[in-house]
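Beneath this line is the structure, given in structure tokens, with notes to follow.
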Protein chains: 4
Amino acid sequence: MTTQPQARAGRPRSEKAEKAIIEATLDLIAEGLGVAELTIEAIAARAGVGKTTIYRRWANKEDLVVDALATMREPLPPLAGESVRDDLIALLDVVRREVGHRRARCVINVAMSEADSPKSVGKRFFKQAMEPRLTAIRRVLSRGRANGELDPDLDIDMGLALLSGALIWFGRWGPEGDLPEDLAERIVDHALEGIARRA
Amino acid sequence: MTTQPQARAGRPRSEKAEKAIIEATLDLIAEGLGVAELTIEAIAARAGVGKTTIYRRWANKEDLVVDALATMREPLPPLAGESVRDDLIALLDVVRREVGHRRARCVINVAMSEADSPKSVGKRFFKQAMEPRLTAIRRVLSRGRANGELDPDLDIDMGLALLSGALIWFGRWGPEGDLPEDLAERIVDHALEGIARRA
Amino acid sequence: MTTQPQARAGRPRSEKAEKAIIEATLDLIAEGLGVAELTIEAIAARAGVGKTTIYRRWANKEDLVVDALATMREPLPPLAGESVRDDLIALLDVVRREVGHRRARCVINVAMSEADSPKSVGKRFFKQAMEPRLTAIRRVLSRGRANGELDPDLDIDMGLALLSGALIWFGRWGPEGDLPEDLAERIVDHALEGIARRA
Amino acid sequence: MTTQPQARAGRPRSEKAEKAIIEATLDLIAEGLGVAELTIEAIAARAGVGKTTIYRRWANKEDLVVDALATMREPLPPLAGESVRDDLIALLDVVRREVGHRRARCVINVAMSEADSPKSVGKRFFKQAMEPRLTAIRRVLSRGRANGELDPDLDIDMGLALLSGALIWFGRWGPEGDLPEDLAERIVDHALEGIARRA
DNA sequence: GTATAACCGAGACGGTACGTCCCGTCTTACC
DNA sequence: GGTAAGACGGGACGTACCGTCTCGGTTATAC
């Protein structure tokens with residue numbers, strides 16, 4: 001007599017198939033296809049899997065894509081908590097590193113895609129992937145405003161918009177190849193000090 | 001016998017139909033559909049037009065969407081050329097006003113959409129709609145760096161990224177309703193002065 | 001101003017496609033497939049036609065098959081009306097001739113197929129193809145009973161069952177090759193005179 | 001130490017499951033489904049049995065159906081051997097009784113089903129269920145021809161066709177409800193005496 | 001008594017065909 | 001020659017079953 005989690009009846013789902021599906025999805029995205037051009041049939045074929053096996057796990061293409069994108073995320077970095085500048089750089093550099101890979105580059109574009117239709121990947125990716133990072137940034141900014149490192153009148157949302165917006169900008173419309181390693185650092189410095197001439 | 005530009009034989013194309021098609025397209029986009037969910041058949045039905053009439057003018061859905069989006073653009077504002085701050089605010093405020101309409105809000109999302117597939121709307125919209133505005137901003141920044149209004153070491157691309165990125169950020173992930181009227185002004189001020197505490 | 005039938009809007013349906021579909025269907029049936037093994041996709045492929053073109057005309061496979069079978073039917077033969085024997089032979093010989101072709105042989109098997117599910121081909125084929133012939137036979141039998149050529153106590157349904165049943169029997173379970181040319185004649189004679197020893 | 005047939009190791013197959021499967025199959029057929037609409041999954045569900053348990057016993061749906069149909073057959077009746085008429089009636093009445101049940105009615109339809117594809121139920125049911133009965137009828141007819149009860153020139157196959165054909169006719173296309181109890185008798189009499197007016 | 005072997009239910013697996021939707025093209029009659 | 005209507009061949013959708021394959025668990029005989 002056990003109180004163990006469960007041990008559902010029947011043959012368990014194949015982890016191998018699941019991985020193959022995710023891989024195939026990311027592969028196809030990396031080839032430059034948008035969500036619209038992605039087809040479940042192509043994913044199934046590339047993964048060597050029946051369509052059923054996909055639909056058993058995800059209700060539709062968008063759900064699958066959101067999950068596939070999620071697997072590419074690095075975890076939040078540990079924050080030293082000593083300087084606002086260092087913490088912001090650490091947080092932004094995670095994204096910079098991710099976007100450094102070609103595959104992830106395509107992925108981020110897909111993630112930002114399209115309108116707010118219920119099936120849209122964009123909103124859901126935002127909730128799932130971006131929100132935690134934004135919250136972390138927001139927290140660092142609040143701390144900085146409180147302890148005097150930042151302007152006491154700082155509009156947190158505006159700070160967030162400058163930092164995130166710039167990073168997304170480079171990811172989406174920046175130079176084709178890898179992003180420069182010091183990008184996060186330079187974004188943070190420009191955002192902190194402004195672009196106007198120092199007095 | 002005329003020497004006029006053309007005067008092609010046969011019945012001329014109906015301007016009314018063309019407008020109805022564009023309107024129908026924007027309507028459907030405003031209802032929150034992404035490019036993928038848009039269908040030519042739905043557009044034709046809503047516009048009360050045959051599919052032929054659409055395909056006679058645009059080779060595919062994406063071309064139509066790009067054209068439809070284009071009709072929403074305001075022209076570049078005249079720049080006073082006296083202060084970098086004022087000029088930047090003027091340039092950014094055009095976008096802010098556009099994005100103020102719900103319809104345009106959806107449209108901008110669509111415009112940012114998706115990957116770099118050849119049919120993708122994103123890249124083409126960028127070329128057609130964003131590039132001129134970005135060039136204008138870039139020009140203002142260069143002028144400012146040259147005449148001492150801005151940091152002489154300013155990385156123009158970084159300035160552009162901060163300004164545009166923040167605006168896009170608010171358009172895409174900002175509050176649901178209209179954007180505040182002073183948004184452009186506040187973005188520019190934060191970008192110019194930075195968010196760190198003044199000495 | 002016309003009062004003509006109609007002249008429906010849009011491109012008219014292609015008769016060529018329709019014929020190709022029917023032909024393909026009969027071909028595949030003639031290859032020995034039952035209704036169950038028939039697939040719309042195979043029919044479409046063989047006919048060089050899109051599935052849509054089939055579904056635009058027939059709601060499902062069974063409807064298509066019923067229509068296809070119908071095209072194989074010969075019209076009712078003219079009846080001399082002089083002798084019951086001659087008229088019955090004429091009526092039965094139509095079926096014998098049809099069943100003489102291999103293709104039709106398969107077809108008749110399909111036509112007799114299966115249960116009485118709403119989708120079943122059997123019942124519908126019966127209504128459409130067999131009923132008129134049975135009615136004709138029944139009429140000849142009634143006439144014969146009335147004018148003294150047949151037993152005045154004859155049960156018409158029983159006569160019909162003997163005649164039709166025997167013919168179907170040979171079609172379904174008779175010798176593999178063509179049915180003998182005098183089959184109808186012999187069936188009629190046996191049915192008329194009985195198989196018992198003459199007094 | 002036994003010399004019995006076998007006594008295989010391991011858990012023996014469940015007779016209960018086997019019966020439940022057959023029952024479920026006949027049930028579903030009786031609901032008017034044809035072989036095509038029958039699904040193994042539905043049978044398994046209705047029988048409360050795993051699909052494996054079915055496939056362990058029968059290679060495919062058709063085999064199962066043939067076996068299921070077989071369970072409905074009555075054994076051949078003992079023949080008095082005194083009169084051809086009585087023996088024929090006895091043989092035909094077995095079928096009449098079987099077909100009297102609604103379930104069997106559907107079953108006989110299924111049994112006659114469809115084309116001659118290798119998987120077809122029809123041919124196999126014929127071999128298994130009809131052949132012995134037909135042989136018995138044929139034997140009675142031969143005996144009658146030999147001993148003078150029947151026409152010395154009788155074509156045995158024709159006699160068989162009249163008798164069997166008529167019975168099948170009533171089973172397949174006769175009145176909806178039960179078949180009349182004297183049907184076999186009346187068929188035999190009509191076949192023996194013919195339907196033409198007595199001299 | 002305890003292996004061991006075949007069974008059992010459940011249900012996931014790679015597939016095939018379904019019937020639907022939309023693509024971009026085409027063919028009508030009408031204007 | 002443009003237009004609305006709508007049929008065309010094609011391709012992907014999401015669903016239903018196919019027949020096969022694991023699972024954990026059960027029930028027999030054989031050791």
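Below, chain A is the first sequence line, B the second, and so on; all start at residue 1. Note: hydrogens, waters and symmetry copies are ignored here, and every other heavy atom, side chains too, is used.
DNA chain F lies under 4.0 Å from no heavy atom of any residue of residues 42-50 of chain A.
Residue B/Glu37 contributes atom CD, which lies 16 Å from atom C1' of E/dC23 at whole-angstrom precision. The separation between C/Glu62 atom CD and E/dC18 atom P is 10 Å, rounded to whole Å. Regarding B/Ile40, its CD1 atom lies at a distance of 17 Å from the C1' atom of F/dA5, rounded to whole Å. Whole-Å rounding puts the D/Ile54 CD1 to E/dA10 C1' distance at 13 Å. Following rounding to the nearest Å, D/Glu15 (CD) and E/dC7 (P) show an atom-to-atom distance of 14 Å. The distance from atom CZ of B/Arg57 to atom P of E/dG24 is 17 Å, rounded to the nearest whole Å. In this structure, C/Arg56 places its CZ atom 16 Å from P of F/dA5, rounding to the nearest Å. C/Lys19 has its NZ atom 19 Å from the P atom of F/dA7, to the nearest Å.
Closest approach of D/Ala17 and D/Ser14 over heavy atoms only: N-OG, 2.9 Å. The shortest non-hydrogen separation linking C/Ile29 to C/Val65 is CD1-CG1, 4.2 Å.
Looking at D/Ile43 and D/Leu64, their side chains come closer than 4.5 Å, going by heavy atoms from C-beta outward. Inter-residue side-chain proximity for D/Thr39 and D/Leu28 is flagged as unmet; no heavy-atom pair is nearer than 4.5 Å.
The side chain of B/Tyr55 has E/dG24 as its nearest neighbour among F/dT3, E/dG19, E/dG24. Side-chain atoms of D/Ala9 lie closest to E/dA5 of the nucleotides E/dA5, F/dG19, E/dC8.
Not one side-chain nitrogen or oxygen of A/Thr52 sits closer than 4.0 Å to the OP1 or OP2 atom of F/dT15. Neither OP1 nor OP2 of E/dA12 sits under 4.0 Å from any side-chain N or O of A/Thr53. Between D/Arg13 and E/dC8 there is no side-chain N or O to OP1 or OP2 distance below 4.0 Å.
Judged by closest nucleotide on DNA chain E, A/Glu18 is the one of A/Glu18 and C/Thr39 placed further toward the 5' end. Residue-to-nucleotide proximity on DNA chain E shows that, of A/Pro12 and C/Arg11, the 5′-proximal contact is made by A/Pro12. Each of A/Glu41 and B/Ala17 has a nearest nucleotide on DNA chain F; the 5'-most of these lies closest to B/Ala17.
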Side-chain donor-acceptor distances from residues 45-58 of chain D under 3.5 Å, at least two apart:
{"residue": "D/Arg46", "atom": "NH1", "partner": "D/Glu31", "partner atom": "OE2", "Å": "3.2"}
{"residue": "D/Arg46", "atom": "NH2", "partner": "D/Glu31", "partner atom": "OE1", "Å": "3.4"}
{"residue": "D/Arg46", "atom": "NH2", "partner": "D/Glu31", "partner atom": "OE2", "Å": "3.0"}
{"residue": "D/Lys51", "atom": "NZ", "partner": "D/Glu41", "partner atom": "OE2", "Å": "2.9"}
{"residue": "D/Arg57", "atom": "NE", "partner": "D/Thr53", "partner atom": "O", "Å": "2.9"}
{"residue": "D/Arg57", "atom": "NH1", "partner": "D/Glu18", "partner atom": "OE1", "Å": "2.5"}
{"residue": "D/Trp58", "atom": "NE1", "partner": "D/Asp67", "partner atom": "OD2", "Å": "2.9"}

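For C/Lys51 and F/dG9, a side-chain-to-base donor-acceptor distance below 3.5 Å is absent, hydrogens and geometry of angles not being considered.
For A/Lys61 (side chain) and A/Leu38 (main-chain N/O), a donor-acceptor pair under 3.5 Å exists by modelled atom type.
Separation of atoms CE (C/Met72) and CD1 (C/Ile22) is listed at 11.0 Å; rounding is to 0.5 Å.
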